[in-house]
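The structure presented is a predicted model; accordingly, all values stated were derived computationally and were not measured. Because only heavy atoms are used, hydrogens play no part in the values below, and waters and symmetry mates are left out as well, while side chains stay in.
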Amino acid sequence: MARHLITSALPYINGIKHLGNMVGSMLPADVYSRYLRQRGHDVLYICATDEHGTPAELAAKEQGLPVDAFCAQAHDAQKAVYDGFELAFDHFGRSSSPQNAELTQHFARKLYENGFIEERAIRQVYSPADGRFLPDRYVEGTCPHCGYDKARGDQCENCTRVLDPTDLIDPRSAISGSTELEVRETKHLFLLQSKLQGEVEKWIDETAGDWPQLASSIARKWLTEGLHDRAITRDLDWGVPVPADTWPELAAEGKVFYVWFDAPIEYIGATKEWADQDESGVRDWKSWWYGPDGADDVRYTEFMAKDNVPFHSVMFPATEMGVREPWKKVDYLKAFNWLTYYGGKFSTSQKRGVFTDQALATLPADYWRYFLIANAPESDDSSFTWEHFTATVNKDLADTLGNFVNRVLSFSRKRFGDDVPAGGEPGEAETKLGEEIASLLAEYETQMESLQFRKAAAALRALWSAGNSYLEEKAPWLEIKTNPEGAALTLRTAMNLIHLYAVVSEPFIPASAKAMRAAFALDGDTATWVTQDEAKSLTSVPAGTAFTVPPVLFAKITDEDLEDYKERFGGDPA
């Protein structure tokens with residue numbers, strides 16, 4: 001079986017993420033990882049918190065904490081939420097790790113040796129009151145375009161215009177509030193991406209042909225506009241230090257690497273963290289990332305929202321190429337559009353939308369996992385509304401799957417006791433059902449293999465619906481009156497469907513899948529997937545197997561619940 005390396009975009013350390021962040025990277029990566037593991041592949045799913053940069057320092061300052069303590073707390077808080085969503089990372093690391101610092105400095109040295117990093121003098125805002133140069137986000141003021149008085153030196157949050165700190169009216173330090181600012185000359189390191197443009201273009205032509213159009217078009221747009229040399233250092237207290245053995249002057253000034261330089265390297269750094277945690281020494285991080293150590297047979301898939309695509313499709317590959325070492329580059333980049341809230345942006349500052357910790361406090365994770373993947377913003381933006389969420393949960397989860405499981409098991413226990421009934425031999429209806437289930441399962445597999453999540457959800461939903469159609473056709477509640485053996489066969493067949501659903505639904509709804517599977521006392525039930533023959537025969541749960549009726553898998557959302565959610569979280573912002 002193949003070896004699959006999977007990464008999802010690193011969630012930034014500054015606060016709990018909203019549902020759009022979840023569906024744009026981590027959740028689909030988890031669904032895909034789970035599916036591949038069930039099919040027998042060797043999978044390594046890596047993620048981490050992205051902890052460097054100006055926003056981390058500012059957030060720590062607001063909370064009155066040292067930045068390292070703030071990041072440690074925020075990492076644990078985020079990890080708790082992701083555990084609640086049952087994201088099955090092999091490792092969830094931290095970009096502030098020693099492993100990432102070591103690798104980032106190694107990459108920088110190699111790029112310098114190969115002529116792809118140079119020192120340049122630039123003019124930058126300096127605050128005498130703070131005794132330091134101010135990165136763009138450390139300068140606040142009034143936007144010259146819209147008059148918003150809390151615009152930052154990189155962008156106005158109100159009108160979204162990109163800015164330079166010197167564009168701001170009445171600029172002030174975000175640290176001290178001082179307005180006595182100067183523009184002074186200082187030196188920074190620049191990554192000479194312009195010298196790597198040809199190599200990146202050639203690689204994109206060879207690699208991106210089967211990427212989603214969203215990902216490949218963004219990459220080609222950046223290349224068409226031309227790759228520009230980019231500053232990769234900042235004047236911050238928190239970050240990977242510039243190594244003194246290569247740039248002693250900049251190191252003495254306290255320069256650190258720009259967050260977008262070290263963050264992608266953390267995919268490798270987090271893998272090394274994963275290996276270093278293994279006291280037996282069996283884990284080999286380089287076999288996943290370095291060609292001569294075995295990474296040539298690895299298929300690497302990245303998951304991210306569209307705003308992260310340029311850095312992963314162009315900037316990070318350029319970095320990997322420039323070191324002139326055989327580091328693994330992405331094979332498939334799965335990009336997503338935006339999930340909106342009633343057509344508008346999720347907003348932490350305006351408390352608009354559903355955030356992941358709030359979601360878990362409201363309903364179990366499987367409700368959210370299924371809805372988000374079934375409505376993943378793949379081809380275009382999708383909108384979260386409470387009405388749509390309610391309708392999906394009630395129809396697909398409560399009625400189609402949950403009700404099927406409950407009424408089959410409850411009716412069988414009532415009429416035949418606590419063991420799976422035997423009944424007669426399968427007939428035409430069972431043969432027809434088996435063929436249909438096998439066909440739908442093949443469609444589900446095809447869509448999962450091609451990372452088409454909405455289509456995969458539709459195929460899974462069709463599998464669930466097929467069971468309900470069979471049950472309605474056979475009507476065991478009527479059949480039992482004249483043909484008890486036939487009713488027993490119907491229920492045994494339906495119970496085998498429940499077991500099949502438990503196995504193949506696990507990537508989407510792991511907790512519910514576990515509950516369905518646990519309903520049957522099957523010795524040695526180690527099945528990780530369902531073959532075509534097993535789907536056709538539906539005999540994995542033999543007659544005589546003891547079973548229990550699990551608690552209700554999915555409770556319906558009532559009209560009162562819906563109104564409560566809209567009141568708590570806000571309805572249509574328009």
Side-chain angles (χ1 to χ4, degrees), residues 19 22-23 27-28 30-31 34-35 38 84-87 339 354 356 358-377 382-411 437 440-441 443-444 447-448 453-472 494-495 497-520 548-566 569:
L19 294 182
M22 178 63 69
V23 74
L27 181 56
D30 177 72
V31 170
R34 286 175 176 273
Y35 171 77
Q38 286 188 263
F85 270 88
E86 297 204 34
L87 301 184
L339 176 72
V354 186
T356 49
Q358 299 170 325
L360 292 178
T362 304
L363 288 166
D366 281 357
Y367 291 62
W368 303 103
R369 287 178 63 104
Y370 176 78
F371 173 84
L372 291 172
I373 294 297
N375 297 280
S382 60
S383 178
F384 177 92
T385 72
W386 282 107
E387 291 82 0
H388 187 201
F389 176 74
T390 297
T392 300
V393 167
N394 288 350
K395 180 181 177 182
D396 294 356
L397 296 179
D399 288 344
T400 304
L401 178 60
N403 188 50
F404 177 80
V405 172
N406 183 263
R407 64 175 174 164
V408 166
L409 297 180
S410 297
F411 185 73
I437 292 297
L440 291 171
L441 179 60
E443 170 68 10
Y444 178 54
Q447 300 303 340
M448 289 292 280
F453 292 101
R454 292 180 75 147
K455 292 180 179 178
L460 182 60
R461 186 187 310 121
L463 276 167
W464 298 342
S465 295
N468 283 277
S469 297
Y470 169 74
L471 208 61
E472 291 301 318
M495 289 187 193
L497 277 178
I498 293 172
H499 186 267
L500 181 146
Y501 295 160
V503 175
V504 303
S505 303
E506 191 267 343
F508 279 69
I509 47 173
S512 304
K514 183 178 180 181
M516 285 189 281
R517 195 159 180 158
F520 302 102
T548 58
V549 181
V552 174
L553 292 178
F554 301 99
K556 275 197 168 186
I557 299 174
T558 66
D559 291 342
E560 290 77 13
D561 293 331
L562 173 60
E563 293 307 313
D564 175 56
Y565 299 154
K566 291 173 66 176
F569 295 98

*Asks:* Between D561 and T558, is there a side-chain donor-acceptor contact under 3.5 Å, judged purely by atom types and distance?
*Replies:* yes

*Asks:* For a quick test of reading the model, state the closest non-hydrogen atom pair linking M448 to Y35 and the distance between them.
*Replies:* CE-CB, 3.4 Å

*Asks:* Give the ring-plane orientation class for W386 versus Y565, where under 30° counts as parallel, over 60° as perpendicular and anything between as tilted.
*Replies:* tilted

*Asks:* Taking side chain as C-beta onward, heavy atoms only, is D30 less than 4.5 Å from F85?
*Replies:* no

*Asks:* Below 6.0 angstrom between ring centroids: does that apply to W368 and F371?
*Replies:* no

*Asks:* Please state whether the rings of W464 and Y501 are parallel, tilted or perpendicular, taking 30° and 60° as the class boundaries.
*Replies:* perpendicular

*Asks:* Show, in sequence, the C-alpha distance, side-chain angles and deciding distance for Q38 and V503, and conclude whether the side chain to side chain contact (heavy atoms under 4.5 Å, CB included) test is met.
*Replies:* CA-CA 9 Å; Q38 286 188 263; V503 175; 4.0 Å; yes

*Asks:* Is any side-chain heavy atom of R461 closer than 4.5 Å to a side-chain heavy atom of Y370?
*Replies:* yes

*Asks:* Using the side chain to side chain contact (heavy atoms under 4.5 Å, CB included) rule, pick out the option among D396, N403, D399, I509 that qualifies with F554.
*Replies:* I509

*Asks:* Please examine the side chains of H499 and R517, heavy atoms only from C-beta on, and report whether any two atoms are closer than 4.5 Å.
*Replies:* yes

*Asks:* Grab the two heavy atoms, one from L441 and one from L463, that are nearest each other, plus how far apart they are.
*Replies:* N-CD2, 4.0 Å

*Asks:* Run the side chain to side chain contact (heavy atoms under 4.5 Å, CB included) check on R454 and Q447 step by step: do they pass?
*Replies:* CA-CA 9 Å; R454 292 180 75 147; Q447 300 303 340; over 6 Å; no

*Asks:* So which heavy atom on L553 is nearest to which on S512, and how close?
*Replies:* CD2-O, 4.2 Å

*Asks:* List the steps, then state whether side chain to side chain contact (heavy atoms under 4.5 Å, CB included) holds for I557 with L363.
*Replies:* CA-CA 10 Å; I557 299 174; L363 288 166; 4.0 Å; yes

*Asks:* Would you say the side chains of N375 and S382 form a donor-acceptor pair under 3.5 Å?
*Replies:* no

*Asks:* Considering non-hydrogen atoms only, spot the tightest contact between A555 and V393 and give its length.
*Replies:* O-CG1, 4.4 Å

*Asks:* Salt bridge between E443 and K455, side-chain N to carboxylate O under 4.0 Å?
*Replies:* no

